[in-house]
Amino acid sequence: MNRKILGREAVQEALDVSLQRDKDVILIGQGVPDATQTYGTTAGLVDKYGTDRVYEMPLSESAMAGVMLGASLVGARPVMTFARLEFFLLAIDPIINQAAKWCYMFNAQTHVPMTLRLIIGRGWGQGAQHSQSLHSWFAHIPGLKVVLPATPYDLKGLLIASIEDPNPVIFIEHRWLHYNHGHVPEGYYKTPLGIPNLIRKGDKATVVSSGYMTIESIKAVNNLNKQGIEVDLIDLRTLSPLDDTIILESVKKTGNLVVCDHASLTGGFSSEIITRVCEKSFGSLKNSPIRISLPDSPTPTTRGLANYFYPTVKHIENAVKSLLGIKTEDPFKDIKPTDKLDIPDQSFKGPF
Amino acid sequence: MAENNKNVLYKDLNLLKSYRDMLLIRRFEEKSGQLYGMGLIAGFCHLYIGQEAVVVALQALSKPKDSVITAYRDHGHMLACGMDANSVMAELMGRFDGPSKGKGGSMHMFSREKNFYGGHGIVGAQVPLGTGIAFAHQYNEDKGICFTYMGDGACNQGQVYEAYNMASLWKLPVLYIIENNKYSMGTSEKRHSASDALYKRGAAWNIPGKAIDGMNVIKVYEGALEAVEYVRSGKGPYVLEIHTYRYRGHSMSDPANYRTKEEVKGVKNQYDPLITLKNILIEEYKVKEERLKTIEKEIKEVVNDSAIFAQESPEPKAVELYTDIYNQDTVY
């Protein structure tokens, strides 16, 4: 019963299950009913549910988000898809200024059950306007929930939970997760929002990560295990809400903390994790925590630079080792500008 | 060449130069597609093939003080503005000699020298920017106008209409050019726009508009002449919708399954802007085929050289990740 499917298929199943279970669920987005079907994540849905539940939209993100907000106030449960997170920035007013405040301002008389799927690009020339990770921004807004799945299992379970949630949920899909295989049960199940997942156990250090960084962290932790270094690996799953109990307990045990986040360093969510640990459990830290993140610069398009922009598995491994006093070398040392590191796997021939 | 050109003027439009410029765009784009297939170009790459007559005719109407801004299908505009093919190709390959040193790629190039203001990845976002450039033309009293290009898909962005209002209110010298290539990515015009007369959408703000044929460079020139003169005379903005067609998919990742092969073939056979102009040159202007062949040979060399130049250009050094994030100049 250990069925393995791709991340994008897991997303498609979540949408399919949700459309099937609740007739109020509608899908809308650029390219949702089209041939490429949002990278395969909406495959077959227009045939199954028809164009009155699976919609194409004009390039009018701002108005469309407002229209969907309006519809959700009187019973619709819209899932809006943005093929890149950046296009969501055009819809920021109806979501941040309105949807996020609705329940609070109007005495909970009505609610906004919207799900906003934002897809993050990486590599293959995505560049400065198609690859930003802005989850920390969104997590700063009370009233919004922010979900950042890592595994195919959670892509499905968290998406179903997001759609069923009575609040506006920002559901962030890293594009490379669409290409990963993993165990996904058939049919309906939910991964509850707000509960991090302890993926690996160990007592030497605590690695906290989210989204695609969790995939890199799993590889790093596997490598460390082979070297006899056992660590706790905690996948956040959601940034808001976030129950930090498991993180605090882990750091109490290990005394060492590495936080990995695929976003730029300054003001990023890794700072929030470290702050919570410092505020609530400062005495348990044996060393200064380490953040693994993207540099504080926009994303380059060229592979020659992208190869040095994204932290690698080795960076995570080295961070743990340095906390344990083990010497390490620069992980970028052996990387060449022409190495094909800007693709999800070596079988990928583009285009994106 | 001078005497040759004299015989092929349509009003102020130099038809041989137009042929050369259109052919440069066509061959450059074909080469880009080829290099993409070979894995030498990666990332976004939106080809302009089929739309060449639009930008070439409009550039013929531009003056040195004018400026140009467009979205992501921008290689043709850069070449028509006179940006160097070698450097544009280097950027497509992510090399250091590109206008953005490889950090911008296909969608993000810019030339202050040619008054070309990009190259933008957010659909429709260039329209307020072009309006702002026009604001500066007016403020600086430099007589320049801004050619602000957008596609049919971008016409559904709200910010376009907010910009229209300001442009009309303040009589800004901006020419809004809608390159209507019939598809907003894979969404046909019928499926994304409630009204297909996109040029009429300025009417509510008292902005005149008209739609013209974009497949014949002479017709584009003729149709645009009045619009450019209107804007240049200080009367305010104008909306020019140009009906054109892109032969390739939206980007390299788009197999264009939303339209039939026959549809594309039909346009290519009947309306191809290069074949149309070639026929006009030969039949009406009695230009010898040999003359056109010489141009074709020249262009082939320019394009091949650009590919060689780009491949020989170095990769940017890793330190470039941290340069140019802020301007370090002290202004005051």
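Residue numbers start from 1 in every chain, and the chains themselves are labelled A, B, ... in the order their sequence lines are given, proteins ahead of strands.
Only the backbone of B:Ala154 comes within contact range of chain A, with heavy atoms under 4.5 Å apart. When heavy atoms are compared at a cutoff of 4.5 Å, A:Ser60 approaches chain B by way of both its backbone and its side chain. A:Asp296 touches chain B through its backbone: at least one of N, CA, C or O sits under 4.5 Å from a heavy atom, while the side chain does not. Contacts of A:Phe87 with chain B are made by side-chain atoms alone, with heavy-atom separations under 4.5 Å and no backbone atom involved. Using a 4.5 Å cut-off between heavy atoms, B:Ile325 touches chain A through its side chain atoms alone.
Heavy atoms of other residues, nucleotides or ligands lying less than 6.0 angstrom from OH of B:Tyr322 number more than 12. B:Lys182 NZ: more than 12 foreign heavy atoms inside a 6.0 Å radius. Counted within 6.0 Å of NZ on B:Lys200, heavy atoms from surrounding residues, nucleotides or ligands total 12 or fewer; the atom is thus considered open. Remark: A:Lys314 NZ is loosely packed, at most 12 non-hydrogen atoms of other residues, nucleotides or ligands lying under 6.0 Å away. Remark: B:Trp205 CH2 is packed, more than 12 non-hydrogen atoms of other residues, nucleotides or ligands lying under 6.0 Å away.
Residue with the most contacts toward chain A among B:Gly158, B:Ser106, B:Gly104: B:Gly104 (heavy-atom pairs, distance under 4.5 Å). Interface remark: of the candidates B:Val160, B:Ile41, B:Thr187, B:Val123, B:Thr187 forms the most heavy-atom pairs closer than 4.5 Å to chain A. For the set A:Ala306, A:Gly304, A:Ser297, the entry with the most heavy-atom pairs within less than 4.5 Å of chain B is A:Ser297.
Within the model, atoms CE of A:Met64 and CG of B:Asn156 stand 11.5 Å from one another, a figure rounded to the nearest 0.5 Å. Taken to the nearest 0.5 Å, the CZ atom of A:Arg303 stands 12.5 Å off from the CE atom of B:Met93. The distance from the CG atom of B:Leu321 to the OG1 atom of A:Thr299 is 9.5 Å, given to the nearest 0.5 Å. Note: B:Met185 CE to A:Gln30 CD = 4.5 Å, rounded to the nearest 0.5 Å.
Put simply, the side chain of A:Thr302 never gets that close to the backbone of B:Arg95: no donor and acceptor are under 3.5 Å apart.
B:Gln159 has its side chain within reach of A:Leu90: a pair of non-hydrogen atoms, C-beta onward, lies under 4.5 Å apart. Between A:Pro298 and B:Lys103 there is no side-chain heavy-atom pair separated by less than 4.5 Å. Residues A:Leu59 and B:His192 form no side-chain contact, since every pair of their non-hydrogen atoms from C-beta on lies 4.5 Å or further apart.
A:Leu305 pairs with exactly one of B:Lys317, B:Glu315, B:Glu320 by the side-chain contact (heavy atoms from CB on, under 4.5 Å) rule, that one being B:Glu320.
By the 30° and 60° cut-offs, the orientation of the rings of B:Tyr36 relative to A:Trp124 is perpendicular.
Nearest heavy-atom pair, A:Gly125 versus B:Phe44, reported as atom, atom and distance to 0.1 Å: O-CD1, 3.4 Å.
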